[in-house]
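See structure below.
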Amino acid sequence: MRYYDRLIFELSKEGRVGYTLGKSSFGESGVASFVPSGLLRAEAPALPQVSEVDVVRHYTNLSQMNFGVDTGFYPLGSCTMKYNPKINEEIAGMPGFQGLHPLQSPSTVQGALQVYSEMEKALCSITGMAGFTFNPCAGAHGELTGLMIMRRYHMLRGDLQRTKVIVPDSAHGTNPASAAVCGLQVVVVKSKPDGLVDVNDLKPLLGDDIAGIMMTNPNTLGLFEKDIEEIASLVHGCGGLLYYDGANMNPLIGVVRPGDMGFDILHLNLHKSFSTPHGGGGPGSGPVGVCGKLLPYLPAPRVKYVDGAYSLDFGDERCAGRVSAFMGNFGVILRAYAYILMLGRQNVRLVGKYSTLAANYIKESLKDCYKLPIPSVCKHEFVFDGLLDDGSRKDGQGNVVREGATTLDVAKRLLDFGYHAPTIYFPLLFHQAIMIEPTESESLETLDGFIAVMKKIAAEAAEDPSILKSAPHNAPIARPDETTAARQPVLKYSDTIQS
């Protein structure tokens, strides 16, 4: 371990000082004289004692160990980790936007309210929806908001028995979780062998107790639900609504609109499909759009334009209430707005086409090395089911004499070549799932480099799987106990922790 790979506490030396505060203007007792004694510490905090150069080198080294879209290819399936143009950051960093306060009078923030209004028009054009709220602060928050709208719509119409929501077995895990939080019972509809929703399995599930169905199209396998018009007709026929999970919107941008498929409610992940930074827990943005009949149920406030000025509309008694303190993460909305304006109407249409082309190029290039359970044309992402030849070997009696490489081993080995690993073991439909999503922002050279490395790893697995099973070979931490880390996390430093 290098000296600066240690924790900042491990660099601490008694009496070492990196910064000295100036003389306090509060007198000898300092701020403590103004703070109630019950709120004061009995002992000084156990902070590390380090020099300034130690601090700078430590955190600079940590930053260089981090991986992101700006440092390399990030083929993270189901997450759309596309490049974030730096013009987005410049727009969001403009003083006129950065200095805003959410409690300012609408008359003093006309520019910001215009951004909301223009962004709503753009998203309506792209999705086929009639209106949007920007209040949800993340994709899952958008899901919950959309389901709240669905429930309120049924309740105000007197359909109190509609307490079930249908979710495909290939759905994102947040779908059933959001439904449960909203007080809805989840009913699972099965997929056919080709990965698409089984319409024959759906039909018996429909009735006057169904609030709606949650779907993403293309689905989690990256496949377009070609029966969506029939599904929409069946769900609408029993009085239910269609909810669109926008996590997989990227391949549809400029090509197909969810509103035209029959969806009534949708959320979008601006931090995915519309190119604003995400990862590490946020910030995010999950605006929710609805069809015309659901406009009155959108959460408040929304921006309206009347008599030459922008103002806030808090709706009427049908409104689904408030879902955030103010109006969402404005900085994320700004970045997405800049991204849409930069592309323009013509180039927005290329996003879906290029992301679909990139995914199919990688899939077809690697299908002779990795198991492809569903060989049809995919959209933005696809799923392998492990290696064709994982290197496992048996003796004449069928006993395993050499353990083969797993999907986890492939992911670990990728780190040695400077690539972030794709999503693994999801979706749960396949035991050794490897989900890959390249996005439209990667060059042909980047895709070819990734393909070459994946082929090399497949060859290593067939010849000597121990190379993969001991990977990564050049990372500070190679194979942590992830289960223990999740169930018994160590959230503070202790000198009993072994490096």
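From a predicted model like this one, the values you see are computed outputs, not experimental measurements. Residue numbers count from 1 along this sequence.
Pro422 and Leu76 make their closest contact through C-CD1, 4.0 Å (heavy atoms, listed as atom of the first residue, atom of the second, distance). For the pair Leu7 and Tyr493, the tightest heavy-atom approach, listed with the atom from each and the gap, is CD1-CD1, 3.7 Å. In plain terms, the two heavy atoms of Gly222 and His380 that are nearest each other are CA-CE1, 4.2 Å. For the pair Ser311 and Pro106, the tightest heavy-atom approach, listed with the atom from each and the gap, is CA-CB, 4.5 Å. When all heavy atoms are compared, the tightest approach of Leu113 to Tyr310 is CB-CB, 3.6 Å. Of all heavy-atom pairs between Phe274 and Leu268, the closest is CE1-CD1, 4.1 Å.
A donor-acceptor pair is defined here as one N or O able to donate and one able to accept, closer than 3.5 Å; no such pair exists between the side chain of Arg152 and the backbone of Met155. Formation of a donor-acceptor pair under 3.5 Å by the Asn329 side chain with backbone atoms of Gly331 is not found in this model. The backbone N or O of Val453 lies less than 3.5 Å from no partner atom in the side chain of Tyr419, so there is not a single donor-acceptor pair. Panel note: side chain Thr71, backbone Phe67; no donor-acceptor pair is recorded below 3.5 Å. At least one donor-acceptor pair closer than 3.5 Å links the side chain of Arg151 to the backbone N or O of Cys182. Distance alone, capped at 3.5 Å, is enough to place a donor-acceptor pair between the Asp385 side chain and the Gln432 backbone. Between the side chain of Asp264 and the main chain of Leu242, a donor-acceptor pair closer than 3.5 Å is present. Thr423 places a side-chain N or O within donor-acceptor distance of the main-chain N or O of Gly77, the cut-off being under 3.5 Å. Looking only at distances, no side-chain donor or acceptor of Asn88 sits under 3.5 Å from a matching main-chain atom of Ala336. The closest donor-acceptor contact from the side chain of Lys469 to the backbone of Gly404 lies under 3.5 Å.
A salt bridge is absent between Asp409 and Lys412: the closest approach of a Lys/Arg side-chain nitrogen to an acidic carboxylate oxygen does not fall below 4.0 angstrom. Electrostatic pairing of Arg16 and Asp54 counts as a salt bridge here, judged by a charged N lying under 4.0 Å from a carboxylate O. Here Arg413 pairs with Glu460 in a salt bridge; the nearest charged N to carboxylate O distance falls below 4.0 Å. We find that Lys86 and Asp70 are joined by a salt bridge, their nearest charged nitrogen and carboxylate oxygen being less than 4.0 Å apart.
The closest side-chain donor-acceptor pair between Ser105 and Thr108, if any, does not fall under 3.5 angstrom. When only modelled atom types and interatomic distance are considered, Thr80 and Glu437 share a side-chain donor-acceptor pair under 3.5 Å. For the residue pair Asn250/Glu381, the side-chain donor-acceptor check at 3.5 Å is not satisfied. In this structure, a donor-acceptor pair under 3.5 Å is absent between the side chains of Thr145 and His267.
Between Pro427 and Met435 the shortest side-chain heavy-atom distance falls below 4.5 Å. Taking the side chain as every heavy atom from C-beta outward, Tyr116 and Leu312 never approach each other to under 4.5 Å. For the pair Leu295/Val290, a side-chain contact is recorded, criterion being any heavy-atom separation below 4.5 Å from C-beta on. Between Asn175 and Glu143, the closest side-chain pair of non-hydrogen atoms falls below 4.5 Å. Between Leu270 and Arg335 there is no side-chain heavy-atom pair separated by less than 4.5 Å. Phe134 is listed as a side-chain neighbour of Leu123, based on a closest heavy-atom distance under 4.5 Å. Counting only heavy atoms from C-beta outward, the side chains of Glu120 and Pro287 never approach each other to under 4.5 Å. Looking only at side-chain heavy atoms (C-beta outward), Cys124 and Phe132 come within less than 4.5 Å of each other.
If you take OH on Tyr153 and CG on Leu241, they are separated by 5.5 Å, rounding to the nearest 0.5 Å. The OG atom of Ser470 sits 7.5 Å away from the CZ atom of Arg479 when rounded to the nearest 0.5 Å. The CG atom of Leu387 sits 7.5 Å away from the CG atom of Leu468 when rounded to the nearest 0.5 Å. The CD atom of Glu89 lies 10.5 Å from the CG atom of Leu334; values are rounded to the nearest 0.5 Å. A distance of 5.0 Å separates CD1 in Ile149 from CG in Leu298, rounded to the nearest 0.5 Å. Between the CD1 atom in Ile434 and the OG1 atom in Thr407 there is a gap of 4.0 Å [rounded to 0.5 Å].
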Residues Gln114, Tyr305; criterion side chain to side chain contact (heavy atoms under 4.5 Å, CB included); working and verdict: CA-CA 9 Å; Gln114 183 178 354; Tyr305 185 70; over 6 Å; no
Evaluation steps, side chain to side chain contact (heavy atoms under 4.5 Å, CB included), between Phe263 and Thr127: CA-CA 10 Å; Phe263 285 96; Thr127 63; over 6 Å; no
Side chain to side chain contact (heavy atoms under 4.5 Å, CB included) assessment of Thr220 paired with His172: CA-CA 7 Å; Thr220 308; His172 293 125; 3.9 Å; yes
Audit row: Leu266, Met249, side chain to side chain contact (heavy atoms under 4.5 Å, CB included) steps and yes/no: CA-CA 10 Å; Leu266 65 75; Met249 181 67 192; 5.9 Å; no
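Taking a 6.0 Å sphere around CD of Gln110, one finds it holds more than 12 heavy atoms contributed by other residues, nucleotides or ligands. Heavy atoms from other residues, nucleotides or ligands lying under 6.0 Å from CZ of Phe426 number more than 12. For Glu52, the CD atom is loosely surrounded, since the number of other residues' heavy atoms within 6.0 Å does not exceed 12. Remark: Leu47 CG is packed, more than 12 non-hydrogen atoms of other residues, nucleotides or ligands lying under 6.0 Å away.
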